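For reference, the structure is listed below as structure tokens.
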There are 2 protein chains.
Amino acid sequence: MAVFLSTYVNKVDKKGRVSVPSEFRKVLSGQTYQGVVIFKSLRYPALEACSAEHMEQLSEDLDAQDISNEDYEAIETSIFGGSVQVPFDGEGRIVLPEHFARFANITDEAAFVGRRKTFHIWEPTALATLEDSMREKARSRDISLSKIVAKASQMRGAQS
Amino acid sequence: MAVFLSTYVNKVDKKGRVSVPSEFRKVLSGQTYQGVVIFKSLRYPALEACSAEHMEQLSEDLDAQDISNEDYEAIETSIFGGSVQVPFDGEGRIVLPEHFARFANITDEAAFVGRRKTFHIWEPTALATLEDSMREKARSRDISLSKIVAKASQMRGAQS
DNA sequence: TGGACTATCATGGGATTTTATGGGCCGTCA
DNA sequence: TGACGGCCCATAAAATCCCATGATAGTCCA
């Protein structure tokens, strides 16, 4: 299954249009709705985006899980209520609704950050700041990919 | 299963292309996606690479493991956001995105170092320096391969 | 055993196609 | 009528494909 990977920085023109990176569009190309769903991140001053299908998945997962009423309400309101569906234009661009762009402080450049099933849209400078601290955090905890993989294959081995 | 072994040094042309050693390509030849995923090493001034499938495996492993929210975030940002999928061209070359090449200080030559499931891409001089210090460290700890092997086969003998 | 023939690989350059990005036209709706 | 959104077109830069070359190693046969 294709996932959103890598980071791309694209320009926002005066009409508010930004090209969605072609690699991301390829991931979405199988979908019926040609466009993305955007909402404000709960954790970062950034936007989150995914396919319409993934949004439905998210909705089901939410139902399936044991979440308090209060949390459920909060999520429903802020995520589902606060999201927009934005279509691609002929060139694969989207228009960031002005309210959303302002939330993420995006003016003339936008960074698209792959996060597997979803991607983020950041103001590039803010992203760089976060990345540095994340990287430092990952390093200081000695998170190593090969370790994670080794651990996981141990788990698989133990199962079988 | 085939693994990445040995070290190869290849040239980077002015377009930023490098041949992936054919031995490495053979390891990847069974994969559906003909190319590799590259990300910045957390530990070294070098790049790490693996197959797209391996990355997906990693992704599943991440979900399966008991990882704190914070670590999870750190990994998603620094690894998935910070990685690229690069396809092979007809000749089995990849293009190192300029940002990645710069991170590893790679300009006109790149060393491909097999690390079993993954491989590293180094600036050759930096690699040589690391190798020297590693060798020194191994020597000072009196690490002996034959001892390790002998010990392991003893353990196997005890089991059966 | 030596030598020629062949296959594979790394490398280079040129041509072609895709992308990102900008601008303009023409409806619609207020 | 005037602002705005949707759609189409133009262009430059970048990514991708395609073919050529030289080197190396490996094979086969005399």
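So that the names make sense, note that chain A is the first sequence line, chain B the second, and so on, each numbered from 1. Values in this document were obtained by computation on a predicted structure and should not be read as measured data. Both backbone and side-chain heavy atoms feed into the values below; hydrogens, waters and symmetry mates do not.
Straight-line distance from the CZ atom of Phe88(A) to the P atom of dG6(D): 15 Å, rounded to whole Å. Atom CG of Asp89(B) is separated from atom P of dT16(C) by 18 Å (rounded to the nearest Å). Straight-line distance from the CD atom of Gln85(B) to the P atom of dA15(D): 16 Å, rounded to whole Å. Taking atom CD1 on Ile94(A) and atom C1' on dG6(D), their separation rounds to 16 Å, with Å as the unit. Atom CD in Glu23(B) sits roughly 14 Å away from atom C1' in dA10(C) (whole-Å rounding). In this structure, Gln34(B) atom CD and dC17(D) atom P are separated by 12 Å, rounded to whole Å. Straight-line distance from the CZ atom of Phe24(A) to the P atom of dA20(C): 11 Å, rounded to whole Å.
For Lys15(B), taking side-chain heavy atoms from C-beta onward, the closest of the listed nucleotides dA20(C), dG14(C), dA10(C) is dG14(C). Which of dC18(D), dG24(C), dT21(C) sits closest to the side chain of Arg93(A) comes down to dT21(C).
Listed pair Lys14(A) / dG23(C) meets the phosphate criterion, a side-chain N or O lying under 4.0 Å from OP1 or OP2. The side chain of Lys26(A) contributes no N or O atom lying less than 4.0 Å from OP1 or OP2 of dT18(C). Neither OP1 nor OP2 of dT8(C) sits under 4.0 Å from any side-chain N or O of Ser22(B). The side chain of Arg17(B) contributes no N or O atom lying less than 4.0 Å from OP1 or OP2 of dC18(D).
Within 4.0 Å (heavy atoms only), Val20(A) reaches sugar-phosphate atoms of the nucleic acid but no base atom. Ser19(A) comes within 4.0 angstrom of a nucleotide base, judged by non-hydrogen atoms across all strands.
With DNA chain C read from its 5' end, the first of the two nearest nucleotides for Asp13(B) and Gly92(A) is the one closest to Asp13(B).
Aromatic rings of Phe80(B) and Phe39(B) (six-membered ring for Trp) have centroids beyond the 6.0 Å cut-off, not under it.
Seen from the ring of Phe100(A), Lys40(A) counts as a face-on cation partner, given the 6.0 Å and 45° thresholds.
One can find a donor-acceptor pair under 3.5 Å joining the base of dC19(D) and the side-chain atoms of Glu91(B).
In this model, a donor atom of one side chain and an acceptor atom of the other lie less than 3.5 Å apart for Ser59(B) and Arg116(A).
Judged purely by atom type and a 3.5 angstrom limit, Arg93(B) has no side-chain atom pairing as donor or acceptor with the backbone of Val20(B).
Relative ring orientation between Phe112(A) and Phe119(A) is described as tilted, the plane-to-plane angle lying within the 30° to 60° band.
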